[in-house]
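Structure first, commentary second.
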Amino acid sequence: MNRFTAAAVVGVMLAATAAPLAAQAQDRSDHGRDHRDERRGDRDYRQERRHDNDGDRNRGDRDHRQDDRRGYRNERRDDHRDYRNDRRDDHRDYRSDRRWDRNNRDWWRGRSDFNDYRGARSGYWYAPSYGYYRVEPRYYGYRWTRGGYLPPAYRSYYVADPYVYGLGPAPRGYRYVHAGNDIVLMALATGLIASVLYDVF
């Protein structure tokens, strides 16, 4: 057998042996790749599940917080509505029972702002919620008129609730003031009298 034939035989034998080995190596390589892909897929799946769970948990927390805030706002709104209704009812009772009545000289009895009122006193005026205070003799029994001026010493005895006397809110820059037995609507800046309600009590 010549050298060429021997080399050919060895080459064929090597090829015959190498082909299954290469196929086997390829199978192992493919199998390893498949196994790695499977592990990677499992890892990705677990991360997605974790992310979804975290998202659900966060979403649940957010929803819970939003529900809490919504409930708090609703409770505040209900409390405020109840408070306004209570105030309105109290004010309605107060107004209906204790308003000034020109035909009833004792309308003021039982009112807390008249607790220390004991009738007219010579040389003094009485202002509800303020009490008695001394007045100059020339103003005792004075008849106030529209267009006149209230002296500065007597301009600070504001009427607490004009509605009690059947009066609406004072215009801007004006206040209702107790002046003796009368209530005058006075300009704050000058003391100019715009109107007078006589003989309140």
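Given the structure is predicted, the values throughout are model-derived calculations rather than measurements.
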Query raised in the report: Between Val177 and Leu150, does a side chain to side chain contact (heavy atoms under 4.5 Å, CB included) hold up when you go through it step by step?
Result: CA-CA 9 Å; Val177 179; Leu150 191 65; 3.8 Å; yes

Requested in this report: List the steps and the verdict of side chain to side chain contact (heavy atoms under 4.5 Å, CB included) for Val200 and Tyr165.
Outcome: CA-CA 8 Å; Val200 174; Tyr165 303 96; 3.2 Å; yes

Query - Ring centers of Trp108, Phe201 separated by less than 6.0 Å - result: no

Requested in this report: Taking the six-membered ring for Trp and the single ring otherwise, decide whether the centroids of Trp144 and Tyr149 are under 6.0 Å apart.
Outcome: no

Report summary line: Residues Gly168 and Pro162: closest non-hydrogen pair is O-CB, 3.9 Å

Query raised in the report: Which atoms form the tightest heavy-atom contact between Gly147 and Leu192, and what is the distance?
Result: O-CD1, 3.4 Å

Query raised in the report: With a 4.5 Å limit on heavy-atom distance, are the side chains of Trp107 and Val164 in contact?
Result: yes

**Report entry** Spacing of Tyr176 atom OH and Ile183 atom CD1 [to the nearest 0.5 Å]
**Finding:** 9.0 Å

Query raised in the report: Once you round to the nearest 0.5 Å, how far does CD1 of Ile193 lie from CE of Met186?
Result: 9.0 Å

Query raised in the report: Is the side chain of Asp182 donor-acceptor paired with the backbone N or O of Asp199 at a distance under 3.5 Å, no angle test?
Result: yes

Query raised in the report: Is there a donor-acceptor contact under 3.5 Å from the side chain of Arg155 to the main chain of Thr190?
Result: yes

Query raised in the report: With a cut-off of 6.0 Å (strictly less than), are more than 12 heavy atoms of other residues, nucleotides or ligands near OH of Tyr174?
Result: no

Report task. Report yes or no: is the cationic atom of Arg143 (NZ for Lys, CZ for Arg) closer than 6.0 Å to the six-membered ring centre of Tyr198, at no more than 45° off its axis? Result -> yes

Query raised in the report: Could you walk me through whether His178 and Val159 pass the side chain to side chain contact (heavy atoms under 4.5 Å, CB included) check?
Result: CA-CA 6 Å; His178 292 284; Val159 175; 3.6 Å; yes

Please output the side-chain donor-acceptor pairs of residues 125-137 that fall under 3.5 Å, not counting sequence neighbours, one pair per line with the distance.
{"from": "Tyr126", "atom 1": "OH", "to": "Asp113", "atom 2": "O", "distance (Å)": "3.0"}
{"from": "Tyr126", "atom 1": "OH", "to": "Asp116", "atom 2": "OD1", "distance (Å)": "2.6"}
{"from": "Tyr130", "atom 1": "OH", "to": "Tyr158", "atom 2": "N", "distance (Å)": "3.3"}
{"from": "Tyr132", "atom 1": "OH", "to": "Arg118", "atom 2": "N", "distance (Å)": "2.7"}
{"from": "Tyr132", "atom 1": "OH", "to": "Gly119", "atom 2": "N", "distance (Å)": "3.3"}
{"from": "Tyr132", "atom 1": "OH", "to": "Gly119", "atom 2": "O", "distance (Å)": "2.7"}
{"from": "Arg134", "atom 1": "NH2", "to": "Tyr124", "atom 2": "OH", "distance (Å)": "2.8"}
{"from": "Glu136", "atom 1": "OE1", "to": "Arg138", "atom 2": "NE", "distance (Å)": "3.0"}
{"from": "Glu136", "atom 1": "OE1", "to": "Arg138", "atom 2": "NH2", "distance (Å)": "3.3"}

